[in-house]
Amino acid sequence: MATPSSPARKKSPLRTAATLVVPMLMGAAVGALGAHYFPDMLPDTDFTAAQKVLTGVVLVALALAAIAVHEAGHLLGGRLAGFRALLFVVGPFRVERTGAGCRAGLNRNAMIAGGLAVSVPEDTRALRPRTLLMVAGGPGTSVLAGALALVLREPLGLAQLPPGAGYGRALAAVSLVVFGMLSLGIGAATLVPARTGGFYSDGAPILRLLRSGPDTDREVALLALLAHSMGGRRPREWDPALVAQSLAAADGTPFDAV
């Protein structure tokens, strides 16, 4: 889930540099590990031209599936936290809850094509830990699904294919490896605290939510109000307790303007 970014205090040059360097180092580490282990996991099979085209189509579908699993993890975490799911976007697909029920359609917003899930709390009870569960559900599910896909190769007999194995088994072996590595990569990448395109990665709010204090409580309230707004609730329908919590501490930061 890409969390909409909120205004924050001015960062020091050291912190700004760390924000840029740490994600780069973690991304390089994940890429190096993938480049080292990924080729050895693939079956040694020659595909025909038609089989290569079909494999390419399957790989695109697997990429969307890996994103869908990640976003579904956010909705699952939100469900466990007692949140109400409002929006689920994966690539060109979009499912949203409206006043008339759930509606499926095409996503025409390229900014959220990389995946988005929105869940909102129905009350203000223990908002911080519940929001943390919802946010962490995405990367947690990605890592779990990726590890499971790679582990299943051995019991399914797809870890080492014999010479002359059929295309179906070879495709299944490739699919498990690709889906597993993609899911692990998504889980690791989204845990890196970063902000791109006006959205925070999952790692940034997780770090903030692990801290306690009025600033964190106010940010949780603001995110909840923003989610309500995205869900179509008019301001007069917002929970007064959330509004009061978001206005609790006037400290002169940009949060006051929000």
Side-chain angles (χ1 to χ4, degrees), residues 1-12 15-16 19 70-89 95-99 102 109 111-112 115-141 190-258:
M1 181 193 70
T3 305
S5 61
S6 304
R9 295 180 177 87
K10 185 177 181 180
K11 296 181 180 179
S12 66
R15 185 177 179 184
T16 301
T19 303
H70 179 86
E71 301 303 336
H74 285 302
L75 297 184
L76 175 61
R79 178 68 176 177
L80 293 175
F83 284 21
R84 185 168 183 260
L86 292 181
L87 181 64
F88 179 78
V89 177
V95 180
E96 60 183 323
R97 186 188 298 273
T98 67
C102 292
N109 188 347
M111 291 291 294
I112 59 176
L116 180 67
V118 177
S119 295
V120 297
E122 298 291 350
D123 55 68
T124 58
R125 173 182 52 86
L127 264 182
R128 186 168 62 88
R130 292 166 64 205
T131 303
L132 178 60
L133 176 59
M134 183 269 294
V135 176
T141 302
T190 54
L191 282 173
V192 178
R195 183 174 64 181
T196 56
F199 290 92
Y200 279 125
S201 67
D202 296 328
I206 286 175
L207 284 179
R208 293 196 301 271
L209 290 167
L210 287 173
R211 300 193 300 263
S212 60
D215 289 344
T216 303
D217 293 338
R218 179 160 62 153
E219 183 172 358
V220 170
L222 287 171
L223 288 175
L225 291 177
L226 178 60
H228 281 314
S229 179
M230 293 175 65
R233 287 194 182 184
R234 297 178 181 273
R236 64 171 176 266
E237 299 171 334
W238 293 353
D239 187 338
L242 282 177
V243 178
Q245 187 173 339
S246 67
L247 299 173
D251 53 9
T253 66
F255 280 112
D256 291 339
V258 176

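Remark: side-chain polar atoms of T190 are not paired, donor with acceptor, to backbone N or O of P139 under 3.5 angstrom. Side-chain atoms of E71 never come within 3.5 Å of backbone atoms of F88 as a donor-acceptor pair (strictly under, hydrogens ignored).
Residues meeting the side chain to side chain contact (heavy atoms under 4.5 Å, CB included) test with R234, sequence neighbours left out: R236, E237. Applying the side chain to side chain contact (heavy atoms under 4.5 Å, CB included) criterion to R79, with sequence neighbours excluded, gives no partner residue.
Nearest heavy atoms, S119 versus A85: OG-CA, 3.8 Å. Here the closest heavy-atom approach between residue A221 and residue S246 is recorded as CB-N, 3.9 Å. The minimum heavy-atom distance linking L75 with A117 is given by the pair CD2-CB, 3.8 Å. Pairing each heavy atom of I112 with each of V89, the nearest pair is O-CG1, 3.4 Å.
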For a quick test of your reading: what N or O donor-acceptor pairs under 3.5 Å do the side chains of residues 128-136 make, sequence neighbours left out?
unit_1, atom_1, unit_2, atom_2, d
R128, NH1, L209, O, 2.7
R128, NH1, R211, O, 3.3
R130, NE, A81, O, 2.7
R130, NH1, D123, OD1, 2.9
R130, NH1, R125, O, 2.5
R130, NH2, A81, O, 3.1
T131, OG1, L127, O, 2.7

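Within the model, atoms SG of C102 and CZ of R97 stand 4.5 Å from one another, a figure rounded to the nearest 0.5 Å.
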